[in-house]
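Labels below follow one simple rule: chain letters A, B, ... track the order of the sequence lines, proteins then strands, and each chain is numbered from 1.
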Amino acid sequence: MDEKYFAQKIEQKWQKKWAENKTFEVEIDGTKEKFYALEMLPYPSGRLHMGHVRNYSIGDALAWYKRLQGYNVLHPIGWDSFGQPAEQAAIKKGVNPRDWTEENIRQMREQMQRLGISYDWSREIAAHRPEYYKFDQWFFLEMFEKGLAYQKDSQVNWCPKCETTLSNEQASGGVCWRCGTPVEKQARKQWFLKITAYAEELLQDMSQIEGEWAERVLTMQRNWIGKSEGAFVEFKVQSSKFKVEDSENLEFIKVFTTRIDTIYGANAIVVAAEHPIIEGNFENLTDEVKAKIEEIKIEKAKPTDYGEEVEKDGIDTGLKAINPFSGEELPIWVGNYVMMEYGTGAVMSVPAHDERDFEFAKKFGLPIRQVISEPHLVHEHHTMQALALEQSFSDYGILVHSDFWNGKTSEQAKQEMTHHAQTHGFGESAITYRLRDWGISRQRFWGAPIPIIYCETCGTVPEKYENLPVELPETAPFTGVGESPLAKVPAFYETTCPNCSEPARRETDTMDTFVDSTWYYFRYTDPHNEILPFNPEVAAYWLPVDQYIGGVDHAVMHLLYTRFWTKMMRDIGLVNFDEPVKNLLTQGMVVGESYYSEEKASYIPLDDVEIERDARGKVVQAKLKSDSSPIKVAVEKMSKSKYNGVDPDDMVSIYGADSARIFALFAAPAENELVWQETGIEGAFRFLQRVYRLVYRWHEALRVAPSGAKITTEGSLTLNARKLRRKTHQTIKRITENFESHQFNTPVAALMELSNALGDFKVEPKDANDAELFAVDEALKSLILMLTPYAPHFSEEMWEILTANSNGILQSGARFPVADEKLASADELEIPIQINGKLRSRMMATPSTSKEELERMALADAKIKEYTDGKQIVKIIVVPSRLVNIVVK
RNA sequence: GCCGGAGUGGCGAAAUCGGUAUACGCACUAGACUCAAAAUCUAGCGGGAGCAAUCCCAUGUCGGUUCGAGUCCGACCUCCGGCACCA
């Protein structure tokens with residue numbers, strides 16, 4: 001044993017051993033309980049960043065913990081290797097996306113191995129390899145058959161920078177999820193997956209994961225799905241000015257409302273510019289109206305700044321509709337605030353009770369009629385025609401000016417009026433969702449080709465299963481402009497129709513890369529299957545995932561898609577459960593200090609900044625070294641452009657992977673933001689050094705450590721030894737509880753306490769008696785085993801030194817220690833004594849000291865006597881082993 | 001605006017069921033060792049008063065419940081995250 005701890009030497013040794021012994025490769029084993037630990041698969045950008053390190057450290061800690069408890073642990077990794085950056089590299093540097101990707105994978109795999117993450121590398125997958133994306137295509141064909149994949153013309157989100165379409169989830173907030181560019185709307189034909197068919201189920205099944213997934217994720221998904229209950233109401237279109245075509249669509253205009261109780265307050269019907277009633281009557285509209293509609297359409301396609309309110313705009317079309325409740329004739333307007341994609345593309349405008357309608361009515365001088373009143377104002381509303389409204393009133397209340405329904409509550413009226421509409425055939429109760437189908441067509445090269453062929457005679461024809469995979473060509477002209485590069489590769493798109501064998505053309509769009517990452521973790525269970533995405537029986541053993549760990553940024557993209565995919569797979573018989581992930585841990589960001597110069601309008605590297613800090617380390621002043629101009633110091637997400645990133649490789653070569661991993665887990669709870677500080681990782685390194693010195697100090701003496709059998713009675717233990725054993729078992733108990741509740745920072749604190757206790761154990765190894773040696777042996781081995789999830793290389797090495805077992809902890813049959821409740825409970829306690837709830841004194845007692853005895857002892861306490869003297873004792877509360885509280889007057 | 005989450009030392013944070021608030025670490029201060037530095041070790045480290053024993057105040061604010069509240073209830077303030085003309 002070296003006198004000093006050399007991290008690199010130990011880490012290399014064990015990484016080699018693990019690989020040779022295939023320590024982390026697993027197979028189905030019916031005799032063991034399984035545990036599936038999963039981290040979100042990375043995009044192979046080429047370099048690992050600290051967010052990755054944190055992610056994998058958390059997952060690895062859990063994987064080790066479960067292995068040490070005897071579970072059969074599946075802990076795999078792979079690559080989300082299709083996507084934009086590879087294509088960008090091709091455009092900018094002229095490299096082949098495949099070569100670029102493979103090289104990046106190679107580099108990152110090495111980095112992961114240097115971190116010593118315990119993956120089963122035999123199961124590694126990569127999305128860009130034909131053996132994988134073959135099954136993206138397989139799933140597409142399955143869904144095409146079931147009507148879950150379909151093609152449609154629609155207004156899609158278009159990122160002008162990435163030059164491709166985006167799903168609604170990827171354009172959330174009006175910006176591209178990758179590059180942050182505001183998205184435009186474009187009319188395009190593209191392929192959709194029918195996630196909306198599962199909207200209700202996606203909502204309902206949240207009850208199965210409630211409490212196991214972070215609340216914020218469930219909330220985001222709930223909001224995204226956006227269920228709202230209301231009613232459809234049909235308004236007959238009646239035009240005095242124009243002849244309405246005698247088509248079904250045009251005879252009625254259907255409106256969705258959640259507030260049918262306000263229908264007597266409707267002053268107009270407002271429709272989207274794209275509404276069929278407009279198109280159907282376009283010829284008959286005045287030039288002014290036509291021009292306005294065109295203007296609205298153009299404005300809508302433009303990207304809007306995030307959060308910017310667009311001013312209401314619209315025009316009266318001249319068409320009329322009849323309110324089926326009141327029989328009143330209402331004008332039909334076009335409004336820029338009505339969306340074709342939601343509901344029916346038409347709303348009834350009730351300005352008195354809807355903020356947007358109110359704004360619209362004010363702007364165009366439309367009548368505002370209040371039909372819902374607050375209970376205490378009902379009387380006035382009955383006697384007066386209308387009270388002037390300063391703003392819309394959108395709460396529930398009592399109906400007024402609503403004929404038969406006057407005096408009813410909104411709740412009552414909603415029910416009864418919906419029923420009324422239903423029985424009279426002009427409406428029905430309805431539920432709408434904000435969620436829309438998942439558009440998966442991408443005008444890019446580096447993705448899975450969509451297995452569809454367009455034939456002049458047969459139309460849109462799916463590729464045959466036996467022809468999968470539809471492989472990408474070696475290369476394509478990467479110009480960065482225009483259509484998908486695949487549309488410029490005749491050898492790819494020229495094909496024959498699977499139906500009639502006539503010449504035909506392949507679809508040249510590829511699939512959204514989120515398709516690849518939707519089901520990848522099912523593939524891990526059976527990664528080499530050539531017939532199916534995975535064998536359902538194999539998957540049934542490993543899945544669902546027991547613990548999934550990843551960033552919260554995928555809350556409504558990947559995590560929603562994968563829940564949908566699972567339900568789809570269940571319906572085609574591949575899996576037999578509803579929810580793929582039992583427990584989800586959303587880790588916080590890794591942030592670092594950044595330095596911004598307003599003068600230069602750019603971020604500055606640390607080396608060029610001079611920082612003055614006070615005695616406590618707080619920044620007093622920061623300035624640029626070159627010209628002393630002021631610098632703003634902030635803590636932000638690590639990124640290259642902000643010069644505040646830390647390279648994991650540097651950390652590993654300075655402190656070792658184990659120290660980096662301990663810091664990543666210890667510095668903050670997993671869900672919180674983590675500020676990366678070099679002094680923090682130094683602290684972790686110091687801790688390992690202290691443990692190393694403890695092992696160095698004791699390992700020779702412990703070679704002859706007595707077995708537990710030799711020190712049978714507690715009585716033979718010295719006070720020293722007894723205290724140490726108590727600390728050991730208390731620590732085991734604490735750490736086990738922490739792990740079970742997914743707390744990874746507090747066990748480190750507990751381990752530090754145990755190591756401090758060992759450091760305070762002042763008996764010299766050569767002077768220690770059997771009982772003391774036993775206690776130290778137990779404490780040290782427990783410490784090492786419990787440290788394994790955090791610092792596996794270090795622990796392996798220490799274990800070898802302490803047990804002379806050179807094949808590794810797992811092979812030695814060692815298990816995570818189990819706490820002995822008896823030993824963990826203290827035999828001597830310090831009991832606080834309170835007067836009126838305030839701590840006044842303490843006394844020593846044992847857990848078995850009776851209530852009466854505690855009370856007697858407390859009252860006899862000298863300090864307590866001072867407080868009780870001459871006072872009346874009202875009550876004494878005794879909580880055995882906890883405290884005594886004396887209430888005096 | 002709507003929906004979530006969170007407010008505890010200089011900092012990251014801890015605190016089972018309502019029972020000794022500030023564990024563990026970082027930073028800092030002093031001391032030991034050293035020619036010196038680093039490393040290491042020892043001690044201190046919420047605020048205030050006091051020579052001291054000790055006392056008072058303190059978990060965003062204000063109330064409430066309780067023998068006892070960081071924890072439970074009510075109102076409010078602030079910060080973070082998400083969505084955003086969703087009818």
Looking only at side-chain atoms of [X], point me to the closest of [options].
{"X": "A/Ser172", "options": "B/A84, B/C3, B/A87", "answer": "B/A84"}
{"X": "A/Asn745", "options": "B/G4, B/C83, B/A13", "answer": "B/A13"}
{"X": "A/Tyr342", "options": "B/A87, B/C85, B/G82", "answer": "B/A87"}
{"X": "A/Arg840", "options": "B/C55, B/C26, B/C85", "answer": "B/C55"}
{"X": "A/Arg693", "options": "B/G12, B/C41, B/A87", "answer": "B/C41"}
{"X": "A/Lys838", "options": "B/C55, B/C83, B/C57", "answer": "B/C57"}

Please state the [atom1] separation for the pair [N] and [M] - nearest whole angstrom.
{"N": "B/A36", "M": "B/C55", "atom1": "P", "answer": "45 Å"}
{"N": "B/C45", "M": "B/A53", "atom1": "P", "answer": "12 Å"}
{"N": "B/A23", "M": "B/G46", "atom1": "P", "answer": "8 Å"}
{"N": "B/G63", "M": "B/G48", "atom1": "P", "answer": "25 Å"}
{"N": "B/G68", "M": "B/G19", "atom1": "C1'", "answer": "7 Å"}
{"N": "B/A43", "M": "B/G82", "atom1": "P", "answer": "47 Å"}
{"N": "B/A13", "M": "B/G7", "atom1": "P", "answer": "10 Å"}
{"N": "B/C24", "M": "B/G18", "atom1": "P", "answer": "25 Å"}

Would you say A/Ser392's side chain and A/His353's backbone share a donor-acceptor pair under 3.5 angstrom?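 Not confirmed, A/Ser392 side chain does not pair with A/His353 backbone.
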Test item: A/Ser172 side-chain N/O and A/Glu169 main-chain N/O as donor-acceptor pair under 3.5 Å: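 Judged by distance alone, no pair lies under 3.5 Å.
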Between A/Phe744 and A/Tyr790, is the ring-ring contact (aromatic ring centres under 6.0 Å, His included) condition met? List the steps. CA-CA 9 Å; A/Phe744 302 100; A/Tyr790 295 89; 7.5 Å; no
Using a cut-off of 4.0 Å on non-hydrogen atoms, how would the nucleic acid contact of [X] be classed: base, sugar-phosphate, or nothing?
{"X": "A/Glu737", "value": "base"}
{"X": "A/Val675", "value": "nothing"}
{"X": "A/Arg434", "value": "base"}
{"X": "A/Gly683", "value": "sugar-phosphate"}
{"X": "A/Glu678", "value": "nothing"}

[X] and [Y] ion-paired at < 4.0 Å:
{"X": "A/Arg840", "Y": "A/Glu866", "result": "no"}
{"X": "A/Lys292", "Y": "A/Glu299", "result": "no"}
{"X": "A/Arg693", "Y": "A/Glu3", "result": "no"}
{"X": "A/Lys727", "Y": "A/Glu753", "result": "yes"}

For residues A/Leu559 and A/Ala555, report the shortest heavy-atom separation together with the two atoms involved. CB-O, 3.7 Å
Between A/Lys875 and A/Glu673, the residue closer to the 5' end of RNA chain B by nearest nucleotide is A/Glu673
Can you check B/C17 for me, syn or anti if syn means within 90° of 0? syn
Where does B/G82 land, syn or anti, once you apply the within-90°-of-0 test for syn? anti
Side-chain N or O of [X] versus OP1/OP2 of [N]: is the shortest distance under 4.0 Å?
{"X": "A/Asn672", "N": "B/A13", "result": "yes"}
{"X": "A/Gln677", "N": "B/A13", "result": "no"}
{"X": "A/Tyr867", "N": "B/C55", "result": "yes"}

Figure out the [atom1]/[atom2] separation between [X] and [N], and round it to whole Å.
{"X": "A/Arg259", "N": "B/A87", "atom1": "CZ", "atom2": "P", "value": "11 Å"}
{"X": "A/Met339", "N": "B/C85", "atom1": "CE", "atom2": "P", "value": "6 Å"}
{"X": "A/Leu559", "N": "B/G82", "atom1": "CG", "atom2": "C1'", "value": "14 Å"}
{"X": "A/Trp213", "N": "B/G4", "atom1": "CH2", "atom2": "C1'", "value": "16 Å"}
{"X": "A/Lys227", "N": "B/A87", "atom1": "NZ", "atom2": "C1'", "value": "18 Å"}
{"X": "A/Leu674", "N": "B/C26", "atom1": "CG", "atom2": "P", "value": "15 Å"}
{"X": "A/Leu694", "N": "B/C41", "atom1": "CG", "atom2": "P", "value": "10 Å"}
{"X": "A/Ile225", "N": "B/C83", "atom1": "CD1", "atom2": "C1'", "value": "13 Å"}

Dot-bracket encoding per residue of RNA chain B, Watson-Crick/G-U cut-off under 3.5 Å, | denoting interstrand: (((((((..(((......[....))).(((((.......))))).((((....))))..(((((..]....))))))))))))....
Just checking, is any N or O donor in the side chain of A/Asn157 or A/Lys185 under 3.5 Å from an acceptor N or O on the other one?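 There is such a pair between these side chains.
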Assign the ring pair A/Tyr692 / A/Tyr696 to parallel, tilted or perpendicular, where the plane angle (0 to 90°) is split at 30° and 60°. parallel
With A/Thr418, which residues qualify under side chain to side chain donor-acceptor pair (under 3.5 Å), at least two apart? none
ring-ring contact (aromatic ring centres under 6.0 Å, His included) between A/Phe685 and A/Tyr5, intermediate numbers included: CA-CA 10 Å; A/Phe685 182 76; A/Tyr5 164 46; 5.5 Å; yes
Between A/Tyr433 and A/Thr196, is the side chain to side chain donor-acceptor pair (under 3.5 Å) condition met? List the steps. CA-CA 8 Å; A/Tyr433 300 90; A/Thr196 53; over 6 Å; no
By ring pair (Phe, Tyr, Trp, His ring centres under 6.0 Å), which residues pair with A/Phe232, not counting sequence neighbours? A/Phe256
I'd like to check the ring pair (Phe, Tyr, Trp, His ring centres under 6.0 Å) partners of A/Phe360; sequence neighbours left out, ordered by chain and number. A/Trp333, A/Tyr337, A/Phe364
Which letter, B, S or -, goes with each nucleotide of nucleotides 17-24 of chain B from 5' to 3', with contact meaning a protein heavy atom under 4.0 Å? --BB--BB
Would you list the protein and nucleotides 72-76 of chain B atom pairs, both N or O, that sit under 3.5 Å from each other?
none

